[in-house]
Amino acid sequence: MLKIYNTLTGKKEPFEPLVPKTVRMYVCGVTVYDYCHIGHARSALVFDVIRRYLEHSGYTVEFVKNFTDVDDKIIKRANEQGVSCDQITAKFIQAYYDDIERLGVRPASIEPKATEHMADIVRLTETLVAKGLAYQVDGDVYFEVAKFPDYGQLSRRRLEDLQAGARVDVDERKRHPMDFALWKSSKPGEPSWESPWGPGRPGWHIECSAMSIRHLGETFDIHGGGMDLIFPHHENEIAQSCGATGKEFARYWIHNGFVQINQEKMSKSLGNFFTIREIFEKSEWPEAETGEMLRYFLLATQYRGPLDFSDQSLREAKNAVDGFYDLFMRLGESDTRTTADKDLALTIERCRSAFRDAMDDDFNTPMAIAALQGLRSDVNKLLDHGLSTEWRRTARTEFRSLGNCLGLFQLDRWQFNAPARLKGAHRQAVLEAERQHAQAGKWDPSYHELLSGRSKLPPTERSSAPALTDEEIEKKLVERNEARKQKDFKKADEIRHFLSSCGIIIEDKPNGTSRWKR
RNA sequence: GGCGCCGUACCCAAGUGGUAAGGGAGCAGUCUGCAAAACUGCGAUGCAGCGGUUCGAACCCGCUCGGCGCCUCCA
């Protein structure tokens with residue numbers, strides 16, 4: 001039984017959708033005026049995983065995630081850059097897709113834009129005015145919070161506690177300081193739409209009410225977003241939507257915690273800000289591996305808690321994922337032994353059950369990952385005892401299936417954290433091999449720093465090392481194993497060190513053959 | 001001033017009343033020509049501190065300390 005922590009009640013509650021087997025879910029996407037940072041990534045990822053798990057659990061998920069493409073910040077940005085609002089929003093919507101795709105976030109079922117729902121927005125505003133919950137002042141329309149008795153239920157605030165005007169000047173025309181704009185008259189040069197109150201544009205919150213009601217109905221199951229949206233955004237959405245329809249709006253409210261840097265919220269004013277594309281640009285690993293590493297990192301913390309971002313945590317995540325792909329490599333090899341075959345089914349069943357328990361408990365991804373780690377360890381043991389090719393395939397399939405809920409373990413090839421794994425005498429030998437290559441002018445010696453333990457995400461210098469093709473590597477491997485057979489270990493080691501200095505790790509198998517990895 | 005969150009081993013991180021999951025890093029060992037992988041073992045008598053409730057508390061209550069967020073735009 002799935003339980004979800006509901007912000008509205010402050011409790012974990014059993015989840016029962018309004019319509020059996022179907023979940024209708026709305027998530028506040030982004031306001032498109034800038035590149036996405038890791039915080040946006042976390043939010044997108046959290047709800048992507050929730051959606052995936054609901055589907056895995058047998059639900060059909062109608063998942064709506066919006067773009068807010070009319071907004072003060074967009075107008076401001078457009079004016080700064082001397083371009084139109086459309087140009088700004090088009091650019092950053094595309095950037096959003098680019099970034100989020102690299103993280104393996106699946107597109108929502110419907111991704112509506114505010115600008116495409118003006119009729120809905122105007123109609124909703126008219127309804128609120130007609131019901132006496134909103135009033136017009138000049139060309140603006142405000143929602144009157146005092147007319148909505150439940151105002152503050154989501155954020156657990158009383159109207160009297162809200163010290164409006166403490167940090168910003170109160171508009172004298174408003175009846176209550178907390179009244180908020182549904183419709184704003186537009187100044188010359190600003191984007192505007194016709195309305196009964198004159199040309200204008202929607203306020204910040206109304207578009208989400210309009211779009212969610214349009215695509216999911218007046219009452220739906222899940223509404224989500226970042227913690228910071230609880231107030232005022234979601235509070236106001238509830239007031240508008242319930243006020244207009246007289247019905248319950250969203251039934252379960254889910255909010256994800258912040259990404260922090262050194263215990264502080266990321267923000268532009270603090271300058272502690274990482275965009276998604278920045279992470280990819282700085283990563284020393286290929287795109288797919290970087291995406292999965294980031295994903296693992298973001299899911300290794302429960303979605304409601306704060307999450308501190310650091311290079312070290314990111315590297316730890318990479319190492320952890322490497323461990324899984326080490327296993328997948330073994331699972332890809334054939335074996336005729338069958339000793340452990342009979343135990344695999346039970347092992348898998350245990351993991352499935354633990355995984356389900358974890359995810360059912362308010363999407364506890366760290367616990368779910370622990371279950372997968374358990375399976376990794378168990379399967380490695382079975383592999384030592386002897387697992388047939390067929391059952392190896394079964395095990396790999398299981399990792400794919402469960403991993404798919406988290407968006408992990410879908411890759412066929414994986415580039416390992418090779419240089420970081422080298423230790424001791426071997427590392428010295430590799431450094432020496434590399435030094436010789438550098439002297440011979442083969443590649444940039446700055447690669448040294450990569451090998452000798454760097455602490456920051458380095459600029460990608462790997463590209464300056466000789467890139468060997470698979471065929472070249474295979475050829476070297478044959479050469480080396482021939483040497484080993486002849487007991488010419490000096491030559492064998494030279495080849496090993498050469499390959500290591502190119503970022504290739506060789507692992508010898510008991511039968512005299514070897515596997516390699518990047 | 002109001003509302004709320006966080007503090008668990010070297011690091012990350014579960015656990016929210018029944019006697020501290022998991023991972024990463026580290027150390028030791030098995031295996032191995034070397035190396036890597038894998039496996040085995042080690043690692044918090046204690047969960048910021050102090051009180052209280054309880055047969056029993058990391059979990060409940062109170063206070064204190066430290067850090068953070070929201071109340072203006074923000075994932």
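Letters A, B, ... are given to chains in the order of the sequence lines, protein chains preceding strands, and every chain is numbered from 1. Treat the numbers as computed from the prediction; the structure is a model and nothing was measured.
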Regarding the side chain of A/Y296, the nearest nucleotide among B/rA75, B/rC39, B/rG23 is B/rG23
Winner on side-chain proximity to A/K517, out of B/rG23, B/rA37, B/rA75, is B/rA37
| With a 4.0 Å cut-off on heavy atoms, is A/R376 in touch with a base, just the backbone sugar-phosphate, or nothing at all? | sugar-phosphate
With heavy atoms under 4.0 Å as the rule, sort A/F489 into base, sugar-phosphate or nothing. base
* Asked: A/F92 and A/Y33: aromatic ring centres closer than 6.0 Å?
  -> no
Side-chain atoms of A/Q260 come closest, of B/rA37, B/rG24, B/rC68, to B/rC68
For A/Y252 and A/Y5, I'd like to know if the aromatic rings sit close, meaning centre-to-centre distance below 6.0 Å.
no
Do the side-chain N or O atoms of A/S155 get closer than 4.0 angstrom to the phosphate oxygens (OP1, OP2) of B/rG4? no
| query | Is it true that A/H205 and A/H234 have ring centroids separated by less than 6.0 Å? | reply | no
Stems for RNA chain B (at least 3 consecutive Watson-Crick or G-U pairs, under 3.5 Å) come to B:1-7 with B:65-71, B:10-12 with B:22-24, B:26-30 with B:38-42, B:48-52 with B:60-64
Any donor-acceptor N/O pair under 3.5 Å between B/rG23 base and A/R315 side chain: no
What's touching nucleotides 16-18 of chain B from the protein side, N or O pairs under 3.5 Å?
none

Testing B/rG23, B/rA25, B/rC71 for proximity to the side chain of A/N319, the answer is B/rA25
Closest to the side chain of A/H40, out of B/rG23, B/rA75, B/rA37, is B/rA75
In terms of the angle between their ring planes, are A/F309 and A/F274 parallel, tilted or perpendicular, with boundaries placed at 30° and 60°?
-> tilted
**Asked** Using the P atom in both, what is the distance from B/rA75 to B/rC71, to the nearest Å?
**Response** 12 Å
Next on the checklist: If I pick the C1' atom on B/rA57 and the same atom on B/rC47, what distance separates them, to the nearest angstrom?
Outcome noted: 11 Å
Mind checking whether A/W414 and A/K517 have side chains closer than 4.5 Å, heavy atoms only?
no
Result for side-chain contact (heavy atoms from CB on, under 4.5 Å) between A/W391 and one of A/T338, A/D341, A/D343, A/V379 points to A/D341
Regarding the side chain of A/F231, the nearest nucleotide among B/rA75, B/rA36, B/rC71 is B/rC71
Pick base, sugar-phosphate or nothing for A/D493, based on heavy-atom distances below 4.0 Å to the nucleic acid.
-> base
Determine the contact category for A/N364: base if any of its heavy atoms lies under 4.0 Å from a base atom, sugar-phosphate if only primed atoms, P, OP1 or OP2 are that close, otherwise nothing. sugar-phosphate
Donor-acceptor pair under 3.5 Å: do we get one between A/R496's side chain and the base of B/rA35? yes
Open item on the list: Check the orientation of A/F328 and A/Y325. Use parallel for under 30°, tilted for 30 to 60°, and perpendicular for over 60°.
Closed with: perpendicular
With the side chain defined as heavy atoms from C-beta on, A/A320 is closest, among B/rG24, B/rA38, B/rC34, to B/rG24
Contact class for A/V259 vs. all strands (heavy atom < 4.0 Å): base, sugar-phosphate, or nothing?
base
Fill in: Flag side-chain contact, heavy atom, 4.5 Å: A/I276 against A/H37
no
- Aromatic centroids of A/F363 and A/F47 separated by under 6.0 Å: no
Of the candidates B/rA75, B/rG33, B/rA37, the side chain of A/N256 sits closest to B/rA75
Q. Which part of the nucleic acid, if any, lies within reach of A/G226 when heavy atoms closer than 4.0 Å are counted: base, sugar-phosphate only, or nothing?
A. sugar-phosphate
Under 4.0 Å, counting only non-hydrogen atoms across every strand here, what does A/R484 touch: a base, just sugar-phosphate, or nothing? base
Practice task
Check whether the side chain of A/H37 and the base of B/rA75 form a donor-acceptor pair under 3.5 Å.
Solution key: yes
message: So A/D48 and A/R106, do their side chains get closer than 4.5 Å, heavy atoms only?
response: yes
Applying a 4.0 Å non-hydrogen cut-off, can you work out what A/G29 is touching in the nucleic acid: base, sugar-phosphate, or nothing? sugar-phosphate
Check: Which part of the nucleic acid, if any, lies within contact of A/F258, taking any heavy atom under 4.0 Å across all strands shown: a base, the sugar-phosphate backbone alone, or nothing?
Finding: base
